[in-house]
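Here the structure comes first, spelled out in structure tokens, and everything after it is commentary.
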Amino acid sequence: MSSWESSQPLESYWLQIAKAVEHTSDGVVITNQTRQLVYINPALVNLLGYSLMALKAAGAATAVYEDAHQLQEIRATVSERGSWSGEALMKSRAGDRLIVFVRVDTIRDEAGHRVGHVAVHTDVTSKRQAQQERDRLLQRLSAHNQNLESLVQERTLRLQQQAQTLRRNQAVLEALVEETASTLGEAFFPSLVKHLAQALGVRYVTITEQVEVGVLATVAAYDAKTVDHAVPWFRGAIAGSPCKLALEQGHYSCSAGVQQQFPNCLALLQLEVESYFAVALLDSTGLSIGLLSVMDDRPFPCSKAVEKILRIFAMRASAELERQRITQALQTSEENFRAIFEQAAVGICRTNLAGEFVQVNQRLCDMLGYTEAELLQMNFQQITYLEDAHLGLDLRQQLQQGLVSAFSLEKRYLRKNGEILWTNLSISAIYSTADDSFWSLTVAEDITARKQAEAQLGRSEERFRRIAANVPGAIYQFILHADGQRQIPYISDRIQEILELDPEMIQQSAAVLFDRVHPEDQILLQESIAVSARRLICWSWEGRFISASGCVVWVKGIAEPGRQPDGSILWDGLLIDISRRRRAEAEIQKAIAKERELNELKSRFVATTSHEFRTPLAVIASSAGILKDFGHKLDEANKQKHFDAIQTYVRQTTKLLDDLLFINQPGTNQLSFQPVSLNLLVWFHQMGEKMRLEAPRHQLRWVTTEAATAGLTDSVCLDQHLLSRVLSNLVSNSIQYSPEKTQVEVTLDLETDWIYFSIKDIGIGILARDRPYLFEPFYRGRNVEHIPGTGLGLSIARQCVDLHRGRISFDTQVGEGTTFYCWLPLVFCTTAGLCH
């Protein structure tokens with residue numbers, strides 16, 4: 001099996017070489033530019049017995065070349081000239097000595113850089129052994145001739161007849177050699193079989209060619225016993241015949257009874273063949289290409305001398321058959337080239353080193369408007385468009401120097417009538433080994449129409465780009481293939497302004513755009529596309545995208561669908577950024593909601609104030625009426641009772657008016673925030689005493705922690721008026737929503753950089769559904785309907801805390817009580833008593 005170097009990737013042309021030589025009978029090895037083994041084909045593995053890894057481990061070429069000096073000469077020659085060919089002595093892994101014909105060539109890439117070497121190995125051991133055997137035979141014949149006279153004298157009586165026969169056969173062989181040596185072409189093989197049959201005294205001599213694997217065809221044949229010496233022409237398979245063994249083994253002989261050995265071979269029966277001897281014809285690579293066969297209708301002794309003679313003439317026949325094959329191939333190639341040259345649909349010409357036209361075809365004449373005679377008097381520079389005269393000159397110089405074998409370019413020429421001819425040129429080098437001359441072969445394709453179309457297309461694209469650049473949105477094409485695949489073959493640059501996406505990336509993958517659709521809008525988008533595709537109706541959709549920077553962008557898409565021949569649906573459409581419109585709509589909706597909220601607030605305000613003012617005013621009016629009408633009848637205690645009631649409800653009404661005036665301010669940022677220097681510990685206790693007097697039915701516990709006592713020895717900056725509202729409202733709420741006699745605990749604490757208040761009661765608690773809205777003006781929980789109140793206390797407390805840049809929160813359990821927490825920034829006053 002063949003092997004590749006697994007750690008090194010293959011170039012495409014190396015892979016093509018490997019495929020071409022995978023099944024050749026020659027051993028092929030490929031090395032990279034550092035002479036490291038990359039590939040060996042199966043034939044080389046069989047020849048040398050090494051796999052790729054085994055050969056590398058054994059030392060590569062040094063393991064198989066017997067002559068290290070010759071290996072160095074080969075490498076030096078390849079480095080200098082690029083190639084080497086010749087015979088070399090090698091040894092296989094099993095220790096067999098081999099004579100191998102080696103051809104080494106340099107592999108270059110398209111830029112002319114050397115990327116490796118390829119070496120082809122042909123085993124010529126058998127061929128060289130046959131030549132050596134022939135030489136030894138000739139030497140023995142010469143020695144035998146030298147000693148013949150002495151042998152004749154010694155054995156005159158016994159060997160006289162044999163000597164005469166030998167001299168006669170030698171004369172015939174010399175005549176045969178002389179006759180065939182001067183004969184070439186079609187007359188060679190008939191002459192060879194005729195003289196060989198006469199020299200050997202046999203009936204049949206044939207030369208057959210292997211036209212395909214296992215099939216032979218007659219090249220020449222001779223029958224000594226027929227009038228015209230003709231033998232029936234033969235072409236057929238050789239299975240079941242002695243020819244098969246001769247081809248496989250290199251030779252085969254049967255002195256008698258050959259028909260009995262091969263009973264299924266009809267040719268032997270028809271020709272009445274009794275004895276058979278054949279030698280394989282080998283080409284220069286050692287492959288069997290035919291047979292030289294000797295047959296007789298009587299037993300024929302196949303002696304060693306006859307075998308050697310046949311091998312000699314088989315070599316001569318092999319060379320002639322291979323020469324004729326090569327000649328035929330060259331003739332066929334030349335005919336094919338001439339046919340292509342004359343009938344090609346492109347212009348073809350051959351120019352010399354000076355750029356002069358040596359050969360042109362009719363198509364090139366038609367393209368340029370010149371006759372063949374006119375072009376043959378010109379060079380290519382004379383018809384080159386002036387602005388393109390410099391194009392390709394450096395590449396042509398590299399072509400002449402052998403740095404590149406071919407190149408291509410687009411170039412303009414001038415027709416005879418002055419019109420411009422656009423051409424696509426493919427130029428390759430032709431070197432003549434006969435006279436060491438250089439030619440260039442040029443193939444010119446007329447691309448004038450294509451260039452004009454490209455120019456027109458460019459103008460159309462430029463117009464389209466200008467239109468697309470001024471359209472208030474991104475123009476696009478979207479294709480939904482029959483298999484569900486999505487493709488956006490075009491989208492204008494405006495998509496960068498809308499979604500900050502690269503249009504080229506979208507054109508490479510539609511997912512780049514679709515992945516940016518807002519997750520909540522994905523399903524609606526897919527459904528709208530499906531409906532448009534199914535019914536082929538205009539697609540219209542509004543939805544959100546997430547831009548590359550993470551912004552939400554509202555987009556309106558409209559497109560017109562059309563079914564394509566392959567079953568896909570193509571939409572031509574437009575994407576428009578409607579974020580500004582959507583924001584305006586959202587602002588309008590927000591303003592409407594605000595207006596609705598204000599109307600609801602106004603309704604709650606009217607209802608709340610009407611109810612809250614009515615009760616105290618009614619009590620005040622009632623007490624005042626009693627004092628007016630029945631004051632003279634009342635004792636001092638009853639009078640004082642009515643006066644206290646009037647004062648209490650006047651204070652409640654005044655507080656209600658203060659709360660309404662406070663909550664009616666345009667905004668907390670416009671409320672008065674005036675921090676002053678405040679001894680918080682003293683103020684906190686004074687506030688506690690005041691609240692205790694106002695809540696005689698509850699237990700108010702006013703607590704100062706150790707941290708607060710130790711940390712608040714200096715004055716702090718707070719707005720005393722706003723802080724009073726915070727505590728009074730939070731404590732009043734705890735008292736109002738707690739049963740009588742229960743405790744309300746107010747704690748002052750100190751945390752890092754914060755003043756901390758907590759107000760804890762054991763009241764009714766706050767329902768879960770009311771908690772999100774608890775700090776809204778006029779909002780009251782659903783479990784406090786029987787308890788009077790305005791719903792302003794917590795809203796005012798929060799605004800006061802916000803003005804201090806503090807925060808407020810609460811914990812609550814329904815039926816168990818509520819704790820409010822308030823944090824205010826800890827800011828100490830300066831030494832001068834000023835607040836900042």
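Given the structure is predicted, the values throughout are model-derived calculations rather than measurements.
- Remark: the backbone N or O of T218 is not paired with any side-chain donor or acceptor of T208 at under 3.5 angstrom.
- Once rounded to the nearest 0.5 Å, the distance linking CG of L48 with CD1 of I40 reads 8.0 Å.
- The side-chain heavy atoms of L55 and V64, taken from C-beta on, include a pair separated by under 4.5 Å.
- Residues L425 and E410 form no side-chain contact, since every pair of their non-hydrogen atoms from C-beta on lies 4.5 Å or further apart.
- A donor-acceptor pair shorter than 3.5 Å can be found between the side chains of Q131 and R128.
- At a cut-off of 3.5 Å, with distance as the only test, a side-chain donor of S284 or E322 sits close to an acceptor on the other residue.
- Between L89 and I99 the shortest side-chain heavy-atom distance falls below 4.5 Å.
- A salt bridge does not link K411 with D388: every distance from a Lys NZ or Arg NE/NH1/NH2 to an Asp or Glu carboxylate oxygen is 4.0 Å or more.
- Between the CZ atom of R316 and the CG atom of L192 there is a distance of 8.5 Å, given to the nearest 0.5 Å.
- With rounding to the nearest 0.5 Å, the separation of CD1 in I383 from CD in Q381 is 9.5 Å.
- Here the side chain of H113 pairs no donor or acceptor atom with the backbone of D109 at under 3.5 angstrom.
- Partners of F357 by ring pair (Phe, Tyr, Trp, His ring centres under 6.0 Å), not counting sequence neighbours: none found.
- Using a 4.5 Å cut-off on side-chain heavy atoms (C-beta onward), V193 and T206 make no contact.
- Counting only heavy atoms from C-beta outward, the side chains of V45 and Y50 never approach each other to under 4.5 Å.
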Derivation and outcome, salt bridge (charged side-chain N to carboxylate O under 4.0 Å, His left out), residues E133 and R311: CA-CA 10 Å; E133 185 67 22; R311 286 188 181 279; over 6 Å; no
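- There is a side-chain donor-acceptor pair under 3.5 Å between E320 and Q324.
- Relative ring orientation between Y252 and Y276 is described as tilted, the plane-to-plane angle lying within the 30° to 60° band.
- The structure places CH2 of W84 at 12.5 Å from CZ of R75, a figure rounded to the nearest 0.5 Å.
- The only option from L399, L395, V404 that meets the side-chain contact (heavy atoms from CB on, under 4.5 Å) definition with I427 turns out to be L399.
- In the displayed structure, R140 atom CZ is contacted under 6.0 Å by at most 12 heavy atoms of other residues, nucleotides or ligands.
- Counted by atom type alone, S426 and S408 present zero donor-acceptor pairs between their side chains at under 3.5 Å.
- Contact annotation: the side chain of V211 approaches that of R235 to within less than 4.5 Å [non-hydrogen atoms, C-beta and beyond].
- Residues L282 and I289 form no side-chain contact, since every pair of their non-hydrogen atoms from C-beta on lies 4.5 Å or further apart.
- For the atom pair CG of L98 and CE of M90, the computed distance is 8.5 Å after rounding to the nearest 0.5 Å.
- Of the possible donor and acceptor atoms, none in the side chain of H251 sits under 3.5 Å from a partner among the backbone N and O of V279.
- One side chain, R396 or S440, offers a donor N or O that lies under 3.5 Å from an acceptor on the other.
- In this structure, T106 OG1 and H117 NE2 are separated by 4.0 Å, a value rounded to the nearest 0.5 Å.
- Put simply, the side chain of Q70 gets close to the backbone of E87: a donor and an acceptor are under 3.5 Å apart.
- Using a 3.5 Å distance cut-off with no hydrogens or angles, the side chains of S318 and R323 do not pair a donor with an acceptor.
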Ignoring hydrogens and angles, write down the donor-acceptor pairs under 3.5 Å from the side chains of residues 243-250, residues two or more places apart or on other chains.
{"from": "K244", "atom 1": "NZ", "to": "E248", "atom 2": "OE2", "distance (Å)": "2.5"}

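- Between L47 and the choices D123, D96, T122, the side-chain contact (heavy atoms from CB on, under 4.5 Å) rule is met once, by D123.
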